[in-house]
Every structure is written in structure tokens, then in C-alpha cells.
Amino acid sequence: MKKINLNDGTTIYCIKETEAIVLDEHIKGYMDFDFELKNNDIIIDVGANIGVFGIRLSQVLKNVEIHAFEPIPQIYEVLKKNSEISLNSNFNTYRMGLSHKKEQLDFTYYPNSPALSTAQPEIWENDEDNFVSAVAGSISNVPKNIWWAKLIPPFFAPLIARYLKSNQKKVKSKVITLSDFIEETQIKKINLLKIDCEGHEVNVLKGIKDNHWPLIKIIIMEVNDVNNNFEISKTILSKHGFTNIQIEKEKGFEKTTLINIYATRKI
């Protein structure tokens with residue numbers, strides 16, 4: 001774990017400095033989406049990673065209540081540290097994941113690129129071209145302060161991809177459903193549900209009971225469109241009243257299966 005400053009001077013803890021800076025740019029893309037959040041709103045962050053989203057929300061909203069879930073122990077320790085330095089006493093962290101049922105689940109942790117860690121490593125292993133495209137996209141769209149990455153020749157992307165997936169470790173972690181959490185905490189509203197869990201996003205949606213969907217106002221999720229995940233996600237959202245569904249392919253990731261979904265509805 002190391003302590004760094006992001007582009008605007010914000011202090012944050014991370015595992016990999018370059019990855020933290022790229023994550024911050026990714027989160028800024030979420031924040032640019034036209035949604036309304038107010039002081040005292042409640043946010044659920046599924047796949048919180050090191051907590052960049054929570055840090056940024058805590059900077060712009062007073063008394064925002066954040067519930068951040070991260071199942072990988074090594075990443076969770078950094079998330080917990082960042083929640084503490086956020087000075088937001090309502091930034092809550094949980095060393096567990098969300099899914100469609102309560103169980104112990106095997107996760108793959110990638111020490112060389114923690115953000116890739118997932119309960120479904122096959123999404124990276126079974127489609128090498130997709131993963132290499134994602135790596136190449138990241139390199140071509142790095143933030144200005146890591147300009148040197150743009151000097152890396154494109155043909156290096158497969159080698160970098162291989163390095164990022166090397167030294168992987170298996171870890172076991174608890175997962176519950178979002179409805180389990182709602183019932184345990186008696187939460188009455190969810191102003192924003194953010195889901196970014198590397199191929200497991202459909203299971204998160206499937207873990208929401210019909211009577212809990214009306215609590216949710218906005219959903220921002222990254223979908224890895226394997227096994228028809230994108231269409232399944234859209235169908236679930238539409239079924240539960242999300243009439244305004246927008247999609248986005250981030251710059252540099254046009255050739256990958258990664259798609260952002262922004263969904264809103266009236267409560």
C-alpha cells in the first residue's frame with residue numbers, strides 16, 4: 001500500500017499508482033453523467049476497488065452515506081484506509097461482494113493489476129483479443145501525467161496483458177445479495193447503485209428482490225458483454241421501471257466488450 005496524490009492533489013492510498021490514476025479518470029467519466037445527487041443521499045458501491053468513487057463523492061456532497069463493497073482482502077485494506085482519510089464518517093466499507101445468493105465465492109486476485117480481480121476470471125482468459133484490446137485502449141487514453149505510456153508501441157500490448165495477469169492468486173470471500181443487505185440495514189432508499197465487478201454484474205441485479213427495486217433511483221454499471229450480459233442487464237432494468245437507459249463505450253475501448261450503462265427512473 002502506498003500514499004499518492006491524484007492529478008488535483010487529492011491524497012489517496014493505492015496498490016499501484018498508475019492504476020489509481022487511471023481509475024480516477026474512469027470515475028470522472030461516471031461523474032460526468034447527468035444525474036442528480038444531493039446531500040444525505042445513499043450510495044451503494046459494488047466492486048468499490050480502492051474507493052476512488054467514494055472519495056470523489058465525499059468531496060462534493062455533505063453527509064453522503066456510502067456503502068462500499070470489496071471482496072478481495074488486499075484491495076479491501078486500501079479501501080478501508082481511504083474511507084478513513086475521506087473524513088466522511090458515513091463512508092462504510094464491507095469486505096464482501098454482492099451476487100445473486102449468499103455463499104462463499106472463489107475470486108482471482110491479480111497483484112499486477114488489482115482492478116482486474118474477479119470471480120469470473122474466464123472473461124479475461126477465454127478472449128485474449130478482448131483483453132489485449134482493453135490494455136491497448138488504456139494505454140492510448142492514459143491521463144496526461146502518465147504521458148510516457150503513450151510512447152509504448154502498440155505491439156507491446158499482448159506482452160503487457162500477459163504481465164498484468166501473471167502471479168494471480170485465488171482467494172475466497174463472502175458474497176450476499178443486495179436484498180440481504182437492504183433487509184439487514186433497513187435502508188429505505190438507494191439514490192445511486194454503482195456496479196463495477198468484472199463480469200459479475202448480472203448476478204448483482206439478479207440478487208435484488210422485486211419489492212426492493214422501487215428503492216433504487218439511479219444505476220451506473222460497467223457491463224462486460226460476455227454471455228449476452230448487456231442485453232440481459234437491459235432487460236432486467238427495463239422490467240423494473242428504468243425507462244431512461246443510456247449506453248456508452250469509453251474512448252479507447254470501442255473494440256472491447258466493455259459497455260457503461262446509465263439508467264434512471266422516477267420513484
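All of these numbers come straight from a predicted model, not from anything done at the bench.
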- prompt: Between Tyr94 and Phe69, what is the ring plane arrangement, given parallel below 30°, perpendicular above 60°, and tilted in between?
  reply: parallel
* Asked: So, does Asn260 use its side chain to make a donor-acceptor pair with the main chain of Glu248 at under 3.5 Å?
  -> no
Practice task
Start with the C-alpha distance between Asn49 and Leu79, add both sets of side-chain angles, then the distance that settles side chain to side chain contact (heavy atoms under 4.5 Å, CB included), and finish with yes or no.
Solution key: CA-CA 7 Å; Asn49 202 275; Leu79 167 64; over 6 Å; no
CG (Leu178) and CG (Asn203) are apart, to the nearest 0.5 Å, by 13.0 Å
Pairing donors with acceptors under 3.5 angstrom, does anything connect the side chains of Lys101 and Thr177?
no
Taking atom types as modelled, find out whether Gln59 and Thr10 have a side-chain donor-acceptor pair closer than 3.5 angstrom. yes
Here the gap from Arg56 atom CZ to Ile12 atom CD1, rounded to the nearest 0.5 Å, amounts to 7.5 Å
Contact check, side chains of Pro214 and Arg265, non-hydrogen atoms, under 4.5 Å
yes
Notebook entry, point to check: Hey, does Ile232 have a side-chain heavy atom less than 4.5 Å from the side chain of Leu205?
Noted result: no
Separation between CG (Asp106) and CD (Gln104), nearest 0.5 Å, reads 9.0 Å
*Should Lys81 and Glu77 count as an ion pair when the cut-off is N to O under 4.0 Å?*
no
Could you go through the side chain to side chain contact (heavy atoms under 4.5 Å, CB included) check for Met221 and Leu193 one step at a time?
CA-CA 8 Å; Met221 60 189 294; Leu193 170 61; over 6 Å; no
Heavy-atom closest pair (Gln74 atom, Val78 atom, distance to 0.1 Å) is O-CG2, 3.7 Å
Heavy-atom check, side chain of Phe91 versus side chain of Asn82, under 4.5 Å:
no
#### Entry: Residue Lys3 excluded, over 12 heavy atoms near NZ under 6.0 Å
no
Worksheet entry | Side-chain donor or acceptor of Glu201 paired with backbone N/O of Asn224 under 3.5 Å | yes
When rounded to the nearest 0.5 Å, the distance separating CG of Leu6 from CD of Glu25 is 9.0 Å
Which of Ile43, Asn92, Asp41, Ile190 passes side chain to side chain contact (heavy atoms under 4.5 Å, CB included) with Glu65? Answer is Asn92
Here the gap from Ile27 atom CD1 to Asp45 atom CG, rounded to the nearest 0.5 Å, amounts to 7.0 Å
Exercise. Is any side-chain heavy atom of Asp196 closer than 4.5 Å to a side-chain heavy atom of Phe53?
Worked result: no
(Q) Using a 6.0 Å cut-off, check whether atom NZ of Lys169 has over 12 heavy atoms from anything other than its own residue. (A) no
So does Val64 get a backbone contact from the side chain of Asn88, meaning a donor-acceptor N/O pair under 3.5 Å? yes
**Message:** Run the side chain to side chain contact (heavy atoms under 4.5 Å, CB included) test on Lys189 and Lys217 for me, step by step, so that the C-alpha distance in whole Å, both residues' side-chain angles and the decisive distance to 0.1 Å come before the verdict.
**Reply:** CA-CA 8 Å; Lys189 64 175 181 176; Lys217 184 178 180 182; over 6 Å; no
Do the side chains of Trp213 and Leu237 get nearer than 4.5 Å, heavy atoms only?
yes
- Parallel under 30°, tilted from 30 to 60°, perpendicular over 60°: which one fits the rings of Phe181 and His67? perpendicular
Between the NZ atom in Lys172 and the CZ atom in Phe107, the distance rounded to the nearest 0.5 Å is 10.0 Å
Subject >> Lys174 and Pro71, any side-chain heavy atoms less than 4.5 Å apart >> reply: no
Notebook entry, point to check: Are Lys170 and Thr108 close enough, and set up right, to give a side chain to side chain contact (heavy atoms under 4.5 Å, CB included), and what steps lead you there?
Noted result: CA-CA 5 Å; Lys170 297 293 184 181; Thr108 300; 2.7 Å; yes
TODO: Using a 4.5 Å cut-off on heavy atoms from C-beta on, say whether the side chain of Ile261 contacts that of Ser233.
DONE: yes
Less than 4.5 Å apart, side chain to side chain, heavy atoms only: is that true for His200 and Ser99? yes
